Amino acid sequence: MDLMFVVTTAESVRYLAPLTAACERRGLHWSCFFTNDGVKVLGDEQVRSLMKRASGAAVCGDSWDRYMGAADCPVERGSQTEHSAMLGRARRVVSL
């Protein structure tokens, strides 16, 4: 994995699409982990579509339950353990 985005806040929605587009232009493989109120970003249809092109995408299950309730989760539900595993596979990490 070339780059992992850790999405920690709902305001990250405005940055995620341009950053992932830049990765794709450079041929980089990227992944995302969503936590805290950053899980709200997955309510955006453009972001949901982007996750289909990600090399991996997961959400903190506790954060999802807290902020999104019973809504369908469009990516893998995980935990901070999954977060740590994804970090271990990434060459670089960007926290948003």
Side-chain angles (χ1 to χ4, degrees):
M1 183 65 44
D2 295 308
L3 187 60
M4 178 181 164
F5 297 102
V6 180
V7 182
T8 64
T9 180
E11 288 79 25
S12 301
V13 70
R14 68 180 128 188
Y15 305 109
L16 189 58
L19 288 170
T20 57
C23 287
E24 291 175 353
R25 283 192 304 273
R26 296 201 57 184
L28 301 176
H29 298 278
W30 54 272
S31 64
C32 290
F33 186 84
F34 300 85
T35 191
N36 195 32
D37 74 334
V39 300
K40 293 178 181 179
V41 170
L42 288 165
D44 182 275
E45 190 58 42
Q46 181 183 19
V47 172
R48 291 170 90 98
S49 180
L50 284 172
M51 292 307 106
K52 295 174 185 171
R53 298 194 312 260
S55 294
V59 63
C60 171
D62 289 339
S63 294
W64 185 266
D65 292 341
R66 181 175 184 188
Y67 293 101
M68 301 300 281
D72 289 334
C73 185
V75 298
E76 177 184 348
R77 285 179 61 105
S79 65
Q80 294 303 318
T81 302
E82 178 66 23
H83 177 234
S84 295
M86 290 174 75
L87 286 172
R89 293 188 296 267
R91 291 181 51 193
R92 292 185 177 91
V93 177
V94 174
S95 182
L96 299 173

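Starting from 1, each residue takes its place in the sequence as its number. No hydrogens, no waters, no symmetry mates; every other heavy atom, side chains included, goes into these values. Computed from a predicted model, the values in this text were never measured in an experiment.
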Engineer: When you measure from the side chain of Trp30 to the backbone N and O of Ala21, does any donor-acceptor pair fall under 3.5 Å?
Structural biologist: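 It does not hold such a pair.
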Engineer: Quick check: are there more than 12 heavy atoms from other residues, nucleotides or ligands sitting under 6.0 Å from NE2 of His29?
Structural biologist: no
Engineer: Identify the heavy atoms of Val41 and Ala10 that sit nearest to each other, and give their distance.
Structural biologist: CG2-O, 3.7 Å
Engineer: Do Tyr15 and Val13 land in one hydrophobic cluster if side-chain heavy atoms of ILVMFWY residues count as linked below 4.5 Å?
Structural biologist: yes
Engineer: Is any side-chain heavy atom of Met68 closer than 4.5 Å to one of Lys40?
Structural biologist: yes
Engineer: In terms of hydrophobic clustering (I, L, V, M, F, W, Y; side-chain heavy atoms under 4.5 Å; direct or indirect links), are Met86 and Val94 co-clustered?
Structural biologist: no
Engineer: For Val59 and Phe33: C-alpha separation, side-chain torsions, deciding distance, then whether side chain to side chain contact (heavy atoms under 4.5 Å, CB included) applies.
Structural biologist: CA-CA 6 Å; Val59 63; Phe33 186 84; over 6 Å; no
Engineer: Does a side-chain N-to-carboxylate-O contact under 4.0 Å join Arg89 and Glu82?
Structural biologist: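 Looking at Glu82 together with Arg89, the answer is yes, because their closest N to O distance falls below 4.0 Å.
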Engineer: Taking all atoms of both residues into account, what is the closest heavy-atom pair of Gln46 and Ala17, and its distance?
Structural biologist: NE2-CB, 3.6 Å
Engineer: Measuring from Phe34:CZ to Trp64:CH2, what's the distance to the nearest 0.5 Å?
Structural biologist: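 Spacing of CZ (Phe34) from CH2 (Trp64) equals 9.0 Å.
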Engineer: Given Cys60 and Gln80, is the side chain to side chain contact (heavy atoms under 4.5 Å, CB included) satisfied, shown in steps?
Structural biologist: CA-CA 7 Å; Cys60 171; Gln80 294 303 318; 3.7 Å; yes
Engineer: So, taking the atom named OG in Ser12 and the one named CZ in Phe5, what distance separates them when rounded to the nearest 0.5 Å?
Structural biologist: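 Result: 10.5 Å between the selected atoms.
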Engineer: Apply side chain to side chain contact (heavy atoms under 4.5 Å, CB included) to residues Val93 and Val6 and explain how you reach the verdict.
Structural biologist: CA-CA 7 Å; Val93 177; Val6 180; 3.8 Å; yes
Engineer: Just verifying a value: how many Å separate Asp62 CG and Arg77 CZ, rounded to the nearest 0.5 Å?
Structural biologist: 8.0 Å
Engineer: I would like to know whether Met4 and Leu87 meet side chain to side chain contact (heavy atoms under 4.5 Å, CB included); could you show each step before the answer?
Structural biologist: CA-CA 7 Å; Met4 178 181 164; Leu87 286 172; 3.8 Å; yes
Engineer: With rounding to the nearest 0.5 Å, note down the distance linking CZ in Arg48 to CG in Leu42.
Structural biologist: 7.0 Å
Engineer: Are any of the side-chain heavy atoms of Thr35 and Val7 separated by less than 4.5 Å?
Structural biologist: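 No. Closest side-chain heavy atoms not under 4.5 Å.
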Engineer: Can any side-chain N or O of Thr8 pair as donor or acceptor with the backbone N or O of Leu96 at less than 3.5 Å?
Structural biologist: yes
Engineer: Between Asp2 and Arg26, is there a side-chain heavy-atom distance shorter than 4.5 Å?
Structural biologist: no
Engineer: So, taking the atom named CG in Leu28 and the one named OG1 in Thr20, what distance separates them when rounded to the nearest 0.5 Å?
Structural biologist: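 Separation between the atoms: 11.5 Å.
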Engineer: When you measure from the side chain of Ser63 to the backbone N and O of Asn36, does any donor-acceptor pair fall under 3.5 Å?
Structural biologist: yes
Engineer: Compare all side-chain heavy atoms of Met51 with those of Leu16 and state whether any distance is below 4.5 angstrom.
Structural biologist: yes
